[in-house]
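First the structure, in the form of structure tokens, and then the observations on it.
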Number of protein chains: 2
Amino acid sequence: MKLTTKGRYAVTAMLDLAIHAESKPITLSEISERQGISLSYLEQLFAKLRKNELVKSVRGPGGGYQLFNSPADIVVAKVIDAVNESTDVTACGGKGNCHDGKQCITHDLWCELSEQIHQFLSGITLQNVIDKQKAKEEAQREDNLRPSEPNNTFILSQVS
Amino acid sequence: MKLTTKGRYAVTAMLDLAIHAESKPITLSEISERQGISLSYLEQLFAKLRKNELVKSVRGPGGGYQLFNSPADIVVAKVIDAVNESTDVTACGGKGNCHDGKQCITHDLWCELSEQIHQFLSGITLQNVIDKQKAKEEAQREDNLRPSEPNNTFILSQVS
DNA sequence: TATTTACCCGAGTATTTTAGTCGGTTATAC
DNA sequence: GTATAACCGACTAAAATACTCGGGTAAATA
């Protein structure tokens, strides 16, 4: 479980797909323009997203991409995993070729931590993120009328 | 909030420091050998950890590093933040130099998500990680006697 | 059937980040 | 004063990231 800009690009693109979802597929050119990501780079990312059954494609004119499942059924973790293709855990991973026991202990600790983050992101769907954003916009609109109050409700507080 | 091997190195080193904590400071050479991280690279990481008041140093013979606070008072998020020195959010960050409103919407969405992860990692202390590891070792020792049963309790289930 | 659209694919490249080296300086215990 | 070990900056190798280029191929439309 790695978490870099690459994953952000993927999540951003998937969110764009979810927000602009219609009966028609969305072309990568549209996403490229809206999100400011190079077209060819998007193609590479979407090849991985497609292989992981996160999006489906329609070829030819009028074609493009659509989410494979509903936004409520796609979790952020899957999207990030799809583009980051888990490069096996550096050194001493699984095989246990470390000279003394101690080394593997802290390694295991990190793996556990990584698993935690994965579980966390498995609890957030694209729909969750969109809903949260909508709520935020609502709050901001009200703030323009009456004096502002801090809004610190977070996504996960609504998720089981 | 970035999450790469660099952060893992830092967390691993901090955990090593916490586990082998004595009255005496720990040298980077020891950590280097135990964890298989290059000495000079550790020096670079610890320079940042020191500036962020996560460790304190003692110079000269018998010197080394110690945790600035107790392991129960050091959260994983701080450690990762210290070494990753937040490179400002790519493009359109804050300034809002995006051509149409839509671009910034998905950007904000991601920022919120990133904040979530940060909050999550702010809830895990070094002590939490160590305790969890100890519990795991206990469980494994018992597994050697009686038939195994799945052990899926996670760190966060114990944290507020 | 020709053309356009837009996905598909691999190879190559520039930039950035990561990881590590090297050569030195400074503080301090002995 | 000498060994130790933190400090510091600059430099380098390797890897990942972000992107380009040049072709393909499937399908709709004309």
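Letters A, B, ... mirror the listed sequences (proteins, then strands); counts begin at 1.
Scanning both residues, A82(B) and L49(B), for their nearest heavy atoms gives CB-CD2, 4.0 Å. Taking every heavy atom of both residues into account, V58(B) and P25(B) meet most closely at CG2-CG, 3.9 Å.
Toward the 5' end of DNA chain C, the nearer of the two residues R50(A) and G62(A), judged by each one's closest nucleotide, is G62(A). Nearer to the 5' terminus of DNA chain D, by closest-nucleotide assignment, is the contact made by K51(B) (compared with the other of T4(A) and K51(B)).
Per the geometry, CG belonging to L42(A) stands 12 Å off P belonging to dA18(D), to the nearest Å. The interatomic distance linking E33(B) (CD) with dA5(D) (C1') rounds to 15 Å, in whole Å. Rounded to an integer number of Å, the gap from CG of L3(B) to P of dA16(D) is 16 Å. Protein atom NZ of K6(B) is 15 Å distant from nucleotide atom P of dT16(C), rounded to whole Å. Between the NZ atom of K48(A) and the P atom of dG10(C) there is a distance of 12 Å, given to the nearest Å. dC8(D) atom C1' lies 16 Å from atom CG of L49(B), rounded to whole Å. Summarising the geometry, the separation between CD1 on I31(A) and P on dA18(D) is reported as 17 Å, rounded to the nearest angstrom. Atom CD of E30(B) and atom P of dT4(D) are 14 Å apart (whole Å).
Out of dA6(D), dC19(D), dT17(D), the shortest distance to the side chain of S57(B) is found at dA6(D). For L28(B), taking side-chain heavy atoms from C-beta onward, the closest of the listed nucleotides dA6(D), dC8(C), dC19(D) is dA6(D). Counting only heavy atoms from C-beta on, Q44(A) has its side chain closest to dA11(C) among dA11(C), dC8(C), dT26(C). Ranking dA6(D), dA29(C), dT17(D) by closeness to the Y65(B) side chain, first place goes to dA6(D). Distances were taken from every side-chain heavy atom of S38(A) (C-beta onward) to each of dC19(D), dA18(D), dA6(D); the shortest belongs to dC19(D). Distances were taken from every side-chain heavy atom of T27(B) (C-beta onward) to each of dA27(D), dA19(C), dA5(D); the shortest belongs to dA5(D). You'll find that the side chain of R59(B) is closest to dT28(C), out of dT17(C), dT28(C), dA18(D). When the nucleotides dT17(C), dC19(D), dA3(D) are ranked by their closest atom to the side chain of K2(B), dT17(C) comes out on top. Side-chain proximity of Y9(A) to dT28(C), dC19(D), dT18(C): nearest is dC19(D).
At a threshold of 4.0 angstrom between heavy atoms, the contacts of L39(A) with the nucleic acid are absent. No engagement by S29(B) is indicated, since no non-hydrogen atom pair under 4.0 Å with the nucleic acid exists. Across all strands shown, S40(A) has heavy atoms under 4.0 Å from base atoms, whether or not it also approaches the sugar-phosphate. Using a 4.0 Å heavy-atom criterion, one finds that F46(B) contacts no nucleic acid atom at all.
Using a cutoff of 4.0 Å between basic side-chain nitrogens and carboxylate oxygens, E138(B) and R141(B) are scored as salt-bridged.
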Q: Would you please test T27(B) and E30(B) for side chain to side chain donor-acceptor pair (under 3.5 Å) and show each step?
A: CA-CA 5 Å; T27(B) 69; E30(B) 291 176 63; 3.3 Å; yes

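For the pair I26(A) and Q66(A), the minimum side-chain heavy-atom distance is 4.5 Å or more.
At a cut-off of 3.5 angstrom, the base of dC7(D) holds at least one donor-acceptor pair with the side chain of E43(B).
Remark: Y41(A) is not in phosphate contact with dC19(D), judged by side-chain N or O atoms under 4.0 Å from OP1 or OP2.
A side-chain donor-acceptor contact under 3.5 Å links S32(A) to the backbone of I37(A).
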